[in-house]
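Quick notes on the structure that follows.
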Protein chains: 2
Amino acid sequence: MERIETVVKDLRAAGGRMTSARRSVLSALVAARSHVTAEDLLNLVQADSPEIHLSTVYRTLEALENLGVVDHVHLGHGRAVYHLTDSAHQHIVCEICSSVQEVPASLFAQLEKDLMDKYQFKVRMNHFAVIGTCKNCLEQLEKEKLVQR
Amino acid sequence: MERIETVVKDLRAAGGRMTSARRSVLSALVAARSHVTAEDLLNLVQADSPEIHLSTVYRTLEALENLGVVDHVHLGHGRAVYHLTDSAHQHIVCEICSSVQEVPASLFAQLEKDLMDKYQFKVRMNHFAVIGTCKNCLEQLEKEKLVQR
DNA sequence: ATCTTTGCAAACTTTTTGCACCAAT
DNA sequence: ATTGGTGCAAAAAGTTTGCAAAGAT
């Protein structure tokens with residue numbers, strides 16, 4: 001994936017170094033292709049390189065965020081989820097099952113514009129947690145309601 | 001404020017008790033009229049009743065959330081902010097100065113509808129953190145940019 | 001009298017940091 | 001040879017929990 005090479009370039013340009021640990025974390029993140037916690041990444045990365053430490057994962061993610069390659073969103077409960085920066089998508093997070101779904105950013109365009117026009121507030125794309133209940137959990141809740149009766 | 005008496009009723013109806021600690025927390029929250037952290041509340045409440053403990057604040061907030069009176073939002077950094085439930089408003093949070101502004105929920109109505117129609121995703125109103133940069137901080141950033149040149 | 005809530009201390013979870021050693025440039 | 005990164009352990013930060021005593025109903 002040439003994306004990784006671009007990152008290496010940017011990283012070096014910023015005075016950073018591409019180490020094997022960083023390469024592992026980055027490719028795990030690319031491979032995951034979804035929203036993962038630091039611990040998820042640790043597990044992925046340790047499958048190959050068990051010596052990599054959680055603090056290295058955090059520091060790598062921090063470095064990648066500074067580069068603008070990665071972003072994170074805080075779910076309600078505590079752990080943050082990390083993902084590659086991709087301004088074409090926004091996230092909706094189910095507060096019951098913690099699943100994260102991507103939806104087109106275009107859904108948010110009007111809101112973004114309104115907030116800027118009316119409040120001079122610049123929404124930070126990709127750091128915008130829409131919390132709610134997903135389709136599955138909604139159906140599940142509905143079933144439980146039926147059972148209760 | 002009659003609102004408090006309604007809460008007392010609901011609390012009792014749910015088998016709970018209105019203690020002096022809970023009354024303090026609740027009125028601090030009402031008086032604050034904005035988005036406060038558990039620690040903010042602790043400080044407010046301890047001005048009058050220094051014996052009240054942080055864990056009591058958390059437990060009171062939890063009880064009030066179960067009653068639907070209170071809700072909380074997680075800012076990026078860690079601490080959550082609590083506020084009275086008020087479905088007429090939504091929050092926009094500045095990630096630089098941590099200020100929270102209320103904006104009319106109507107701004108979000110279309111988005112909410114779209115997410116339901118297209119994804120069967122039920123947005124949880126009032127638990128919906130819009131992170132970005134507020135007017136002031138945006139202006140500040142602009143100034144700094146000018147200075148740098 | 002019962003059963004919830006409190007204060008306290010201690011545990012827990014997630015993330016950050018200090019430090020000596022190691023490695024990329 | 002520099003200087004940035006790593007692993008480890010320990011600290012922070014925010015929140016939750018177990019327990020005996022206190023308080024609301």
Side-chain angles (χ1 to χ4, degrees), chain A residues 4-5 7-26 28 35-43 45-46 48-67 70-82 95 98 129, chain B residues 4-5 7-26 28 35-43 45-46 48-67 70-82 95 98 129:
Chain A
I4 290 185
E5 289 320 305
V7 175
V8 175
K9 242 184 68 188
D10 290 353
L11 191 55
R12 295 225 171 99
R17 291 163 194 192
M18 178 51 76
T19 64
S20 53
R22 289 184 169 184
R23 209 176 281 272
S24 298
V25 172
L26 182 55
H35 305 77
V36 286
T37 64
E39 212 177 342
D40 292 339
L41 281 173
L42 184 70
N43 293 334
V45 147
Q46 285 193 337
D48 277 344
S49 322
E51 78 284 1
I52 292 182
H53 198 274
L54 182 56
S55 63
T56 300
V57 173
Y58 276 111
R59 287 192 274 222
T60 298
L61 288 169
E62 191 188 9
L64 294 176
E65 284 203 66
N66 290 338
L67 249 48
V70 162
D71 207 338
H72 73 277
V73 185
H74 290 268
L75 308 190
H77 336 330
R79 45 178 86 70
V81 289
Y82 294 79
E95 62 183 336
S98 295
Chain B
I4 290 185
E5 289 320 305
V7 174
V8 174
K9 243 184 66 187
D10 291 354
L11 191 54
R12 296 225 171 96
R17 290 162 194 196
M18 178 49 78
T19 64
S20 54
R22 287 184 170 184
R23 210 177 281 273
S24 297
V25 172
L26 182 55
H35 305 76
V36 286
T37 64
E39 213 178 340
D40 291 339
L41 282 173
L42 183 69
N43 293 333
V45 147
Q46 285 194 336
D48 276 344
S49 322
E51 78 283 0
I52 293 181
H53 198 275
L54 183 56
S55 62
T56 300
V57 173
Y58 276 111
R59 287 191 274 219
T60 298
L61 289 169
E62 193 188 8
L64 294 175
E65 284 201 65
N66 290 338
L67 249 46
V70 161
D71 207 339
H72 74 275
V73 187
H74 290 267
L75 307 189
H77 335 333
R79 45 177 84 69
V81 289
Y82 294 80
E95 64 183 336
S98 295

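Residues Leu67(B) and Ala14(B) share a closest heavy-atom pair of CD1-CB, 4.2 Å. Smallest separation of non-hydrogen atoms from Ile52(A) and Ala21(A): CD1-CA, 3.7 Å. Closest non-hydrogen pair, Arg17(B) versus Arg22(B), comes out as O-NH1, 3.1 Å. Of all heavy-atom pairs spanning Ala28(B) and Leu41(B), the tightest one is CB-CD2, 3.9 Å. For the pair Val57(B) and Val25(B), the tightest heavy-atom approach, listed with the atom from each and the gap, is CG2-CG2, 4.2 Å.
Put simply, CG on Leu42(B) is 16 Å from P on dA13(D), counting in whole angstrom units. We find that CG of Leu11(B) is positioned 15 Å from C1' of dT6(C), with the value rounded to whole Å. If you measure from atom CG of Leu61(B) to atom C1' of dT5(C), you get 14 Å, rounded to the nearest angstrom. Put simply, CG on Leu41(B) is 15 Å from P on dG14(D), counting in whole angstrom units. The CZ-P distance, from Arg79(A) to dT15(D), rounds to 15 Å in whole Å.
When distances are taken from the side chain of Ile52(A) to each of dT6(D), dG7(D), dG7(C), the shortest belongs to dG7(D).
Remark: Arg22(A) is in phosphate contact with dG5(D), judged by side-chain N or O atoms under 4.0 Å from OP1 or OP2.
For the helix from dA1(C)-dT25(D) to dT25(C)-dA1(D), the rotation axes defined at the first and last 5 base pairs enclose an angle of 40°, given to the nearest 10°.
Residue Thr37(A) is the one, among Val8(A) and Thr37(A), whose nearest nucleotide of DNA chain C lies closer to the 5' end (criterion: closest heavy atom). Mapping Gly15(B) and Glu51(B) onto DNA chain C by nearest heavy atom places Gly15(B) closer to the 5' end of the strand.
Other residues, nucleotides and ligands place more than 12 heavy atoms under 6.0 Å from the CD atom of Glu51(A).
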May I have the step-by-step check of side chain to side chain contact (heavy atoms under 4.5 Å, CB included) for Glu65(A) and Asp71(A), ending in yes or no? CA-CA 6 Å; Glu65(A) 284 203 66; Asp71(A) 207 338; 3.7 Å; yes
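Among the protein residues, Ala80(B) comes within range of the sugar-phosphate backbone only, with heavy atoms under 4.0 Å from sugar or phosphate atoms but none that close to a base.
For Asp40(A) (side chain) and Thr37(A) (main-chain N/O), a donor-acceptor pair under 3.5 Å exists by modelled atom type.
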Counting primed atoms, P, OP1 and OP2 as sugar-phosphate and everything else as base, the B/S/- map of nucleotides 16-24 of chain C against protein heavy atoms under 4.0 Å is BBB----BB
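At least one side-chain heavy atom of Leu26(B) sits under 4.5 Å from a side-chain heavy atom of Val7(B).
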